[in-house]
Amino acid sequence: EAGVTQFPSHSVIEKGQTVTLRCDPISGHDNLYWYRRVMGKEIKFLLHFVKESKQDESGMPNNRFLAERTGGTYSTLKVQPAELEDSGVYFCASSALVASPLHFGNGTRLTVT
Amino acid sequence: DQQVKQNSPSLSVQEGRISILNCDYTNSMFDYFLWYKKYPAEGPTFLISISSIKDKNEDGRFTVFLNKSAKHLSLHIVPSQPGDSAVYFCAASDRGSQGNLIFGKGTKLSVKP
């Protein structure tokens with residue numbers, strides 16, 4: 001079974017630019033999550049999709065972040081325009097059931113300069 | 001304000017001995033607790049979990065203990081192996097938002113041969 005895959009693994013952009021991160025969950029997993037770890041801090045929840053619907057987006061920091069999951073398969077997380085404080089590792093995770101442990105991808109390391 | 005705290009940033013243990021990683025939480029609504037293990041440049045990998053109706057859960061070399069009155073949980077690894085060297089994250093959630101995990105900052109475990 002293929003795991004959660006994220007693309008790109010690294011991204012370096014300048015402040016003010018736009019970046020789009022992609023996540024492919026484990027096939028058949030209706031639940032998809034985005035998390036972020038800023039340097040030196042804990043891993044923090046951003047949002048949760050159930051199929052194509054946003055179940056909980058309470059962790060989204062501001063309206064510069066837009067997550068989509070059209071068709072209920074892969075998801076994208078767009079940051080526009082990027083700010084310095086957006087730098088960190090963005091993790092995607094998926095699960096078959098809400099109560100199941102999450103399977104994480106390897107993350108996208110975003111550096112905003 | 002951190003709801004899940006791992007007060008030891010690092011721990012060093014000799015191979016074959018027991019590793020004990022600790023975690024404290026403040027939110028009494030948490031009813032599900034997990035431990036994740038993370039290697040560099042990889043995403044967190046689920047290790048073991050425990051629900052608040054139990055006080056112990058065991059899986060091979062890994063045992064998690066939960067003390068609800070003290071709002072404390074611990075992960076015991078015995079015997080420790082060099083391959084266990086990684087960062088260990090404690091996470092918690094409540095029934096109403098099971099996909100929204102609250103993570104601690106992690107403890108880096110080093111197991112010396």
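Letters go in sequence order (proteins before strands), and every chain restarts at 1.
- For CZ of B:Phe62, the number of neighbouring non-hydrogen atoms (other residues, nucleotides, ligands) closer than 6.0 Å is greater than 12.
- In plain terms, the two heavy atoms of A:Val98 and B:Gly99 that are nearest each other are CG1-N, 4.0 Å.
- Within 6.0 Å of NZ in A:Lys44 there are 12 or fewer heavy atoms belonging to other residues, nucleotides or ligands.
- Few gaps surround CZ on A:Arg64; more than 12 heavy atoms of other groups in view lie less than 6.0 Å from it.
- Cluster annotation: A:Ile43 and A:Leu110 are assigned to distinct hydrophobic clusters (Ile/Leu/Val/Met/Phe/Trp/Tyr, side-chain heavy-atom contacts under 4.5 Å, transitive).
- A single hydrophobic cluster is not seen to contain both B:Val4 and A:Phe45; linkage of ILVMFWY side chains at heavy-atom distances under 4.5 Å, directly or through other members, places them apart.
- A side chain to side chain contact (heavy atoms under 4.5 Å, CB included) with B:Phe46 is found for exactly one of A:Ser95, A:Ser100, A:Pro101, namely A:Pro101.
- Within the 4.5 Å cutoff, side-chain heavy atoms of A:Phe91 are placed close to those of B:Lys38.
- For B:Phe89, the part lying under 4.5 angstrom from a heavy atom of chain A is the side chain only.
- Within 6.0 Å of NZ in B:Lys108 there are 12 or fewer heavy atoms belonging to other residues, nucleotides or ligands.
- Expressed to the nearest 0.5 Å, how far CD of A:Glu42 lies from CD of B:Gln2 amounts to 4.5 Å.
- Nearest approach of B:Gly43 to A:Asn106, heavy atoms of both residues: N-OD1, 3.1 Å.
- With rounding to the nearest 0.5 Å, the separation of CG in A:Leu102 from OG1 in B:Thr45 is 12.0 Å.
- In summary, the aromatic rings of B:Tyr36 and A:Phe104 are positioned with their centroids under 6.0 Å apart.
- Around atom NZ of A:Lys54, more than 12 heavy atoms belonging to other residues, nucleotides or ligands sit under 6.0 Å away.
- For A:Ser9, no part lies under 4.5 angstrom from a heavy atom of chain B.
- In this structure, chain A has no heavy atom under 4.5 Å from any part of B:Gln6.
- Residue A:Arg37 touches chain B through its side chain alone, counting heavy-atom pairs closer than 4.5 Å.
- Put simply, the side chain of A:Tyr35 reaches to within 4.5 Å of the side chain of B:Leu101, judged on heavy atoms.
- No more than 12 heavy atoms of other residues, nucleotides or ligands lie within 6.0 Å of CZ in A:Phe7, so this atom counts as exposed by the packing criterion.
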